[in-house]
Amino acid sequence: MNPQVQAMYEKMRAKLEKVVPDVELRYKAEIAVEINELKKQRNAVILGHNYMEPALFYSIPDFTGDSLDLSRKAAQTDKDVIVFCGVRFMAETAKILNPSKTVLLPAEKAGCSLAESITAADVRALKAKFPGVPVVTYVNTYADVKAESDICCTSSNAAAVIESLHADTVIFLPDEYLAKNVARETGKHIIFPALSPASGEEGKRGEGEEEKRRKGDGDNLLDVQLIGWRGRCEVHEKFTLKDIQTVRAQFPDVVILAHPECSPEVTGAADFSGSTNAMIRYVKESKAPHYLLLTECAMGDNIAAANPDKDMLRLCMVRCPHMNMITMEDTRDALKFNRYIIEVPEEIRVKAYRAVERMIKIG
Ligand code: 13P
Ligand code: SF4
């Protein structure tokens, strides 16, 4: 092993020896050294979402964090190139905030079921149906949807963003479960109006369920404070109350953490619900013997590596196929071959910028 690779391998092993097999660490240390060299040559910064696999997470990113955190880092960087180890909507947000930089996403098809669940035409249809009602959009959306919104939010600031508007009623898009969780947290009543014909949702889900979604549950605004949309995270929607009951029966002293993209039944039965950063903080600052993380499984490995004295249970049959597309090999090739470049048309970017920047100011 050359001395640089040896040093990288030692650094990774110090963190990951109980989580990643040694043979993988040796192989990935070599790629990490190559990436760091390319990073210097290209004057690049690497941002890594908390869902990145442990060898990547603990070797090449200059910054790791949740969506809000990484948006801030993207806005602040003075490097020429931003490599986003995350999914497309995150890389787009970086481009929206820092348009003079080259933003690269290592896997072209790393999408998100929430971002796919709504179009800009859907938002325009909702605004036409509920004129004057402000639109809050989760950052897990594409730039053209953000451009139609008054303000964005992430899972760590959704309630604060809604409350900052001081509005009687707010349109909150597109995550059904995040909306229901926020409605419960803020004591608001929520409705899901009939889908507009422009939605393009048809055919994406089971027929009975699709019919229910299309009908909506009434557009009468009396007593309504939140107007939601039926988008879902394909990962977090899979966790159930039964999963929680089964794990509690096996590990009575387990502490359960659920991301707010889980259903209200699941977040309600969990001990804590918060953004990926908030979950990391919670484990660090508490002292339970067992934790169960109801979120993308790789984050459990990353938390386990940082807390070797704590036992992390994770339900790894539920994975995010999009986040899992980001590999160290593709990150190296992104820098080497300058791919995949994220572009946002300027007229859309300017409007989306207003919504994202307004959120960042709230914090
Ligand atoms: P966070 O903002 O909590 O990092 O969540 C992003 C995400 O996509 C969760 O599925
Ligand atoms: Fe999207 Fe869900 Fe994957 Fe997060 S975990 S990127 S919300 S599909």
Side-chain angles (χ1 to χ4, degrees), residues 47-53 57 61 63-74 84-94 97 105-118 136-142 145-146 152-161 173-179 181-182 185 204-205 229-239 257-263 266-267 270 272-283 293-303 314-326 356 359-360 362-363:
L47 306 180
H49 187 262
N50 291 327
Y51 288 165
M52 291 299 101
E53 57 97 0
F57 186 82
F63 300 100
T64 55
D66 65 7
S67 323
L68 181 62
D69 229 8
L70 296 180
S71 305
R72 286 207 189 95
K73 294 294 187 292
F84 215 118
C85 291
V87 292
R88 177 167 289 269
F89 76 80
M90 296 178 176
E92 269 193 6
T93 306
L97 287 165
L105 180 66
E108 195 177 18
K109 294 196 164 61
C112 170
S113 65
L114 281 169
E116 295 295 332
S117 76
I118 191 159
V136 176
T137 297
Y138 195 29
V139 284
N140 296 38
T141 47
Y142 294 124
V145 167
K146 290 184 172 81
C152 287
C153 74
T154 71
S155 58
S156 66
N157 61 15
V161 164
L173 308 171
D175 188 348
E176 172 183 349
Y177 286 160
L178 179 64
N181 285 318
V182 170
E185 187 185 339
K204 282 195 194 157
R205 302 179 195 269
W229 187 257
R230 303 272 195 191
R232 294 218 192 137
C233 163
E234 68 188 272
V235 179
H236 293 94
E237 74 169 345
K238 294 204 182 87
F239 297 116
L257 294 85
H259 194 276
E261 290 166 9
C262 293
S263 74
V266 166
T267 56
F272 177 77
S273 177
S275 75
T276 55
N277 265 15
M279 286 195 261
I280 291 171
R281 241 184 347 258
Y282 186 97
V283 175
L293 293 165
L294 298 178
T295 193
E296 159 56 35
C297 179
M299 201 175 87
D301 290 335
N302 296 336
I303 300 184
R314 42 232 193 244
L315 300 183
C316 287
M317 70 288 187
V318 181
R319 307 299 306 252
C320 176
H322 312 284
M323 290 284 184
N324 276 281
M325 281 181 199
I326 308 296
V356 179
M359 165 191 82
I360 286 183
I362 288 175

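Atoms within a ligand are numbered from 1 in the order they appear, just like the ligands themselves. Everything numeric here is computed off the predicted structure, so don't read it as measured data.
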Query - Backbone or side-chain N/O/S of Cys112 under 2.8 Å of atom 1 (Fe) of ligand 2 - result: yes
Query raised in the report: Any idea which part of Glu296 is under 4.0 Å from ligand 1, heavy-atom wise: side chain, backbone, both or neither?
Result: neither
Requested in this report: Could you list which atoms of ligand 2 come closer than 4.0 Å to a heavy atom of Ser113?
Outcome: 8 (S)
**Report entry** CA sep, side-chain torsions, deciding dist, call: Ile360, Ser71, side chain to side chain contact (heavy atoms under 4.5 Å, CB included)
**Finding:** CA-CA 8 Å; Ile360 286 183; Ser71 305; 4.2 Å; yes
Requested in this report: Please determine, by modelled atom types, if Glu296 and His259 share a side-chain donor-acceptor pair under 3.5 angstrom.
Outcome: no
Report task. Verify the distance criterion only: is there a donor paired with an acceptor across the side chains of Asn277 and Asp69 at less than 3.5 Å? Result -> yes
Requested in this report: Let me see the working for Ser273 and Asn181 under side chain to side chain contact (heavy atoms under 4.5 Å, CB included), right down to the final yes or no.
Outcome: CA-CA 9 Å; Ser273 177; Asn181 285 318; 5.6 Å; no
Report task. Would you check, one step at a time, whether the test disulfide (SG to SG under 2.5 Å) holds for Cys297 with Cys316? Result -> CA-CA 5 Å; Cys297 179; Cys316 287; 1.7 Å; yes
Requested in this report: Would you check the N or O atoms of Ser275, main chain and side chain alike, for any that come under 3.5 Å of an N or O of ligand 1?
Outcome: no
Requested in this report: Would you mind telling me if ligand 1 is within reach of the side chain of Asn140, the backbone, both or neither, using heavy atoms under 4.0 Å?
Outcome: side chain
Query raised in the report: Taking the minimum heavy-atom distance to atom 3 (O) of ligand 1, which of Met90, Met323, His259 ranks first?
Result: His259
Query raised in the report: Is there an N/O/S atom in Cys320 at a distance below 2.8 Å from atom 3 (Fe) of ligand 2?
Result: yes
Query - Atom pair NE2/CE of His49 and Met299 - distance to nearest 0.5 Å - result: 8.0 Å
Query raised in the report: Which atoms of ligand 2 are found less than 4.0 Å from any heavy atom of Leu114?
Result: 7 (S)
Query raised in the report: Quick check: does any side chain N or O of Asp301 sit under 3.5 Å from a backbone N or O of Glu53, one acting as donor and the other as acceptor?
Result: no
Query raised in the report: Contact between Met279 and ligand 1, counting heavy atoms under 4.0 Å?
Result: no
Query raised in the report: Taking all atoms of both residues into account, what is the closest heavy-atom pair of Leu105 and Ala110, and its distance?
Result: CD2-O, 4.2 Å
Query - Heavy atom of the protein closest to atom 2 (Fe) of ligand 2 (residue, atom name, distance) - result: Cys233 SG, 2.3 Å
Requested in this report: Step by step, work out the side-chain hydrogen bond (donor to acceptor under 3.5 Å, both in side chains) result for Tyr51 and Thr295.
Outcome: CA-CA 9 Å; Tyr51 288 165; Thr295 193; 2.6 Å; yes
Query raised in the report: Contact between His236 and ligand 1, counting heavy atoms under 4.0 Å?
Result: yes
Query raised in the report: Quick check: does Ser155 get an N/O under 3.5 Å from an N/O on ligand 1?
Result: yes
Report task. Decide whether an N or O pair under 3.5 Å exists between Thr276 and ligand 1. Result -> yes
Requested in this report: Check if Glu261 has a non-hydrogen atom at a distance under 4.0 Å from any atom of ligand 2.
Outcome: yes
Requested in this report: For side chain to side chain contact (heavy atoms under 4.5 Å, CB included), just list the numbers for Val139 and Met359, CA-CA rounded to whole Å, side-chain angles, deciding distance to a tenth of an Å, and then say yes or no.
Outcome: CA-CA 10 Å; Val139 284; Met359 165 191 82; 4.0 Å; yes
Requested in this report: Around atom 2 (O) of ligand 1, find the nearest protein heavy atom and jot down its residue, atom name and distance.
Outcome: Ser67 OG, 2.6 Å
Query raised in the report: Can you tell me the protein heavy atom closest to atom 7 (C) of ligand 1 and the distance?
Result: Glu261 OE2, 3.7 Å
Query raised in the report: Should the proximity of Asn140 to ligand 2, defined as any heavy atom under 4.0 Å, be assigned to the side chain, the backbone, both, or neither?
Result: side chain
